[in-house]
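Working notes for the structure below.
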Amino acid sequence: MSRLEPVTAMASRLLAPNPGPMTLTGTNTWVLRAPGSDECVVVDPGPIEDGHLDDVVALGPIALVILTHGHFDHAECAPQLHELTGAAVVARDPELCIGAEPVSDQPGRSSVAGVDWLTVLTPGHSSDSLSLLLEPDRALLTGDTVLGTGTAVIAHPDGELAAYLDSLQRLRDIAATEVSVVLPGHGPVVEHPVEVLDYYLAHRQQRLEQVRAAVAAGDTTAEEVVRRVYADVDESLWPYAESSVRAQLDYLQIHG
Ligand SMILES: [Zn+2]
């Protein structure tokens, strides 16, 4: 268990061995454990590959598995983890839940195995995205809504820009008073939550202006817009940018 890296009093990171252009250094599996407790809560157990599932099982008794959203790189090993440990799996999407009710429309505070958190619905990256405020640590677990480096992709058509902007603003409001650190789904810990959320909000507005200008200049397809607006981004990331552009084009159609 040498890969388990303590980050706050209650949260440790187990980095999954799935680095890539969208997963950065890999998926962060977050392990929440109250001081002195045998049991832990696992957030985003991650991919099965290369022994990651075995390492999660080896954490000891798992009281609950929480998914920040259903994307494969966060949720793949949840069913097998349930089979191996009996731990219930809770998510926003009922199809992903095993032995637990899905997170409701109006989630609140929860306490499991001495770990206390507030669940916040943060759709946008995906429709089922949620974030968790780990209360004693004032640590905010954001899944793919806020990443450790760069900015997040909107996984269109399931993900939507209007919802994403609302979610960022909701997290910004919480961060202003209650958050000392962001524990993202990928990349390093974010030490300045308010600054980063302000940057995310400004970046989305800036991209939206650029997409609006590209459409005004005659671009008609997402591919054309990406070529113009994402000229500053490595070409290998353009397929992902296209997903965000489609979400922005949808947004402009509705909101102008
Ligand atoms: Zn995702």
Side-chain angles (χ1 to χ4, degrees), residues 13-31 42-49 52-53 56 65-79 81 89-97 102-103 107 119-133 140-168 170-171 182-190 196-197 200-201 203-204 207 222 226 230 233-234 236-248 250-251:
R13 168 170 44 197
L14 188 65
L15 178 63
N18 61 337
M22 295 312 291
T23 55
L24 306 177
T25 49
T27 301
N28 292 328
T29 292
W30 290 104
V31 181
V42 172
V43 180
D44 289 348
I48 292 170
E49 65 196 76
H52 190 64
L53 172 62
V56 175
V65 175
I66 306 173
L67 304 177
T68 61
H69 64 301
H71 286 165
F72 199 63
D73 55 324
H74 295 254
E76 183 191 17
C77 79
L81 191 55
V89 178
V90 67
R92 175 77 170 133
D93 180 351
E95 304 227 325
L96 299 170
C97 295
V103 171
T119 303
V120 185
L121 299 183
T122 49
H125 165 72
S126 64
S127 60
D128 68 337
S129 285
L130 53 82
S131 299
L132 307 169
L133 178 62
L140 184 66
L141 290 85
T142 54
D144 283 359
T145 301
V146 177
L147 302 180
T149 53
T151 53
V153 161
I154 299 163
H156 183 77
D158 177 48
E160 289 185 316
L161 180 57
Y164 187 57
L165 292 173
D166 285 349
S167 293
L168 289 178
R170 196 168 307 130
L171 292 181
V182 169
L183 311 180
H186 304 277
V189 166
V190 174
V196 165
L197 284 159
Y200 266 60
L201 283 160
H203 171 79
R204 287 266 66 99
R207 283 291 190 221
V226 167
Y230 289 79
V233 171
D234 193 285
S236 65
L237 296 174
W238 284 6
Y240 307 104
E242 215 175 289
S243 172
S244 288
V245 163
R246 284 183 205 285
Q248 291 176 88
D250 268 15
Y251 179 91

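Ligands are counted one by one from 1 in listed order, and the atoms in each one are counted from 1 as well. The figures here come from the full heavy-atom set of this structure, side chains too, leaving out hydrogens, waters and symmetry mates. This one's a predicted model, so the numbers in the text were calculated from it and none came from an experiment.
With a cut-off of 2.8 Å, the Zn ion (ligand 1) has no N, O or S atom of His74 in range. Among the backbone and side-chain atoms of Asp73, none of the N, O or S atoms lies under 2.8 Å from the Zn ion (ligand 1).
Checking Thr68 against Asp44 by side-chain atom types alone, a donor-acceptor pair falls below 3.5 Å. For Asp158 and Ser127, the side-chain atoms include at least one donor-acceptor pair closer than 3.5 Å. Side-chain polar atoms of Ser131 and Thr122 form a donor-acceptor pair below 3.5 angstrom. Between the side chains of His74 and Asp144, at least one donor N or O sits under 3.5 Å from an acceptor N or O. Between the side chains of Thr145 and Thr142, not a single donor N or O lies within less than 3.5 Å of an accepting N or O.
The Zn ion (ligand 1) sits nearest to atom NE2 when only the N, O or S atoms of His125 are considered. Looking at Asp144, its N, O or S atom nearest to the Zn ion (ligand 1) turns out to be OD2. The Zn ion (ligand 1) sits nearest to atom ND1 when only the N, O or S atoms of His71 are considered.
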